[in-house]
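Starting from 1, each residue takes its place in the sequence as its number.
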Amino acid sequence: MGKTALITGSARGIGAAIALRLAKDGFDIALNDVSERSFEDNDIMERISALGVKCEKFIADVSDYKQCEEMVKAVKETFGTIDALVNNAGITRDGLLLRMAEENYDDVIRINQKSVFNMTKLVGAVMLRQKSGKVVNLASVAGLYGNPGQMNYSASKGAVIAMTKTAAKELGSRGINVNAVAPGFIKTPMTDKLTDEQRNAMLAQIAMKRYGEPEEVASVVAFLCSADAAYVTGQTIEISGGLSM
Ligand code: NAP
């Protein structure tokens, strides 16, 4: 195929599933995560390389502009092009508003929201020169509807949805599609941290009465990165088993 996808926070969870799926679709894969340690105890590089596509990993904290700049330069030098960017890296630091520490608010905004500015600006410049590209941002149902205990997270994901629309308007005339997905409850290390009470409360609201799998997010992201979605931009697709309708 000769196309490259860069997926942030892709050592594990939804990011790893997206990387694997895009590799199956023929993309060469630039993996990213915040530390070498993130790649320990998983075989994502081996699984992707076994598919016969090129795969390299790039260590960078995507909330840090300078590190993003160095990573994007290195990815461009390694692969020649960047055709798809998936802004997936994200964290939670949950807590009720009145008990939420200021640093937990700031960390979530920096990692979930500023990272999207950093990466879209830097990779957007590469895509502008190519006159083509796909950007997919990982938002959340929390960014659409709010969620108790997630003032920081829902603010960051609501911003990601607004940033998706703005980037789509700025870049659309240059052949660049920018979309978001808003997952509900997906089984990953991020949601493993929730209590049984929180899980059961969530399950009661889900029309399909089950949690989602990372692969079910990856397949929608793959569609948005494909030629089949050529006329889709600025949209946020909810992947929540009917959590909210
Ligand atoms: P996850 O299992 O916690 O994986 C997130 C990945 O991002 C981890 O590998 C993590 O690295 C990496 N990361 C964290 N901070 C980073 C940074 N500053 N720079 C680079 N990488 C960083 O989470 P997930 O459930 O797969 O979530 C992926 C995305 O989907 C997130 O944006 C999340 O908000 C969104 N989402 C998830 C759900 C869900 O139900 N799981 C629902 C809605 C939206 P370490 O392992 O080293 O920490």
When you group the ILVMFWY residues by side-chain heavy-atom contacts below 4.5 Å and let the links chain together, are [Y] and [X] in the same group?
X: Phe117; Y: Val160; result: yes
X: Leu194; Y: Ile186; result: no
X: Ile239; Y: Val86; result: yes
X: Phe79; Y: Met127; result: yes

Checklist entry - Linking Ile, Leu, Val, Met, Phe, Trp and Tyr by side-chain heavy atoms under 4.5 Å, what else ends up with Leu96? => result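 Listed partners: none, Leu96 stands alone.
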Checklist entry - Hydrophobic cluster mates of Met100, side-chain heavy atoms under 4.5 angstrom, ILVMFWY only, any path? => result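 Leu97, Leu98, Tyr105, Ile109, Met151, all in the cluster of Met100.
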Where [X] and [Y] come nearest, the two heavy atoms and their spacing:
X: Pro183; Y: Ala139; value: CD-O, 3.4 Å
X: Met119; Y: Cys68; value: SD-SG, 3.6 Å
X: Met71; Y: Ala60; value: SD-CB, 3.9 Å
X: Ala229; Y: Leu224; value: CB-CA, 3.8 Å
X: Ser154; Y: Gly146; value: CB-CA, 4.1 Å
X: Ile176; Y: Leu128; value: CD1-N, 3.8 Å

Quick one: pull up [atom1] in [X] and [atom2] in [Y] and give me the separation to the nearest 0.5 Å.
X: Lys114; Y: Asp106; atom1: NZ; atom2: CG; result: 12.5 Å
X: Ser63; Y: Asn112; atom1: OG; atom2: CG; result: 10.0 Å
X: Ile44; Y: Asp33; atom1: CD1; atom2: CG; result: 11.0 Å
X: Lys157; Y: Leu138; atom1: NZ; atom2: CG; result: 6.0 Å
X: Met45; Y: Leu31; atom1: CE; atom2: CG; result: 6.0 Å
X: Glu215; Y: Lys187; atom1: CD; atom2: NZ; result: 9.5 Å

With a cut-off of 6.0 Å (strictly less than), are more than 12 heavy atoms of other residues, nucleotides or ligands near [atom1] of [X]?
X: Asp41; atom1: CG; result: no
X: Met190; atom1: CE; result: yes
X: Lys209; atom1: NZ; result: yes
X: Arg199; atom1: CZ; result: yes

Item to check | Gln150 versus Asp94, side-chain donor and acceptor atoms under 3.5 Å | outcome: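 Yes, a side-chain donor-acceptor pair sits under 3.5 Å.
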Item to check | Modelled atom types, side-chain donor and acceptor of Glu46 and Ser49, under 3.5 Å | outcome: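 There is no such pair between these side chains.
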Report yes or no: does [X] contribute a side-chain atom to a donor-acceptor pair with the main-chain N or O of [Y] at less than 3.5 Å?
X: Asn179; Y: Val136; answer: no
X: Asn88; Y: Thr8; answer: yes
X: Thr233; Y: Val178; answer: yes
X: Asn42; Y: Ala11; answer: yes
X: Gln67; Y: Asp61; answer: yes
X: Thr191; Y: Thr188; answer: yes
X: Gln205; Y: Met202; answer: no
X: Asn32; Y: Phe58; answer: yes
X: Asn87; Y: Val135; answer: no

Taking the side chain as everything from C-beta on, heavy atoms only, tell me whether [X] gets closer than 4.5 Å to [Y].
X: Phe39; Y: Ile59; value: yes
X: Lys134; Y: Asp83; value: no
X: Val217; Y: Val221; value: yes
X: Lys3; Y: Thr81; value: no
X: Arg93; Y: Asn152; value: yes
X: Leu6; Y: Val123; value: yes
X: Glu69; Y: Leu122; value: yes
X: Thr195; Y: Gln198; value: yes

Checklist entry - Taking it one step at a time, do Lys193 and Thr92 satisfy side-chain contact (heavy atoms from CB on, under 4.5 Å)? => result CA-CA 10 Å; Lys193 288 186 263 180; Thr92 50; 3.4 Å; yes
Next on the checklist: Ser240: which residues meet the side-chain contact (heavy atoms from CB on, under 4.5 Å) condition with it, sequence neighbours left out?
Outcome noted: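 Ser240: side-chain contact (heavy atoms from CB on, under 4.5 Å) contacts with Val141, Glu238, Leu243.
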Item to check | Contacts of type side-chain contact (heavy atoms from CB on, under 4.5 Å), residue Glu70, not counting sequence neighbours | outcome: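 Residues passing side-chain contact (heavy atoms from CB on, under 4.5 Å) with Glu70: Lys66.
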Inspect the contact between [Y] and [X] and indicate whether a charged nitrogen and a carboxylate oxygen are less than 4.0 angstrom apart.
X: Lys57; Y: Glu36; answer: yes
X: Glu170; Y: Lys121; answer: no
X: Lys73; Y: Glu77; answer: yes

Next on the checklist: What verdict does the side-chain contact (heavy atoms from CB on, under 4.5 Å) test give for Ile161 and Lys165, after you've listed the backbone C-alpha separation in whole Å, the side-chain angles of each residue and the deciding distance to 0.1 Å?
Outcome noted: CA-CA 7 Å; Ile161 292 168; Lys165 293 176 188 173; 4.0 Å; yes
Item to check | ring-ring contact (aromatic ring centres under 6.0 Å, His included): pairs with one or both residues in residues 187-237, sequence neighbours excluded | outcome: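 Listed once each, the pairs are Phe185-Tyr211.
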N/O donor-acceptor pairs under 3.5 Å from side chains in residues 12-28, not counting sequence neighbours:
unit_1, atom_1, unit_2, atom_2, d
Arg21, NE, Asp25, OD1, 3.3
Arg21, NE, Asp25, OD2, 3.3
Asp28, OD1, Lys54, N, 2.9

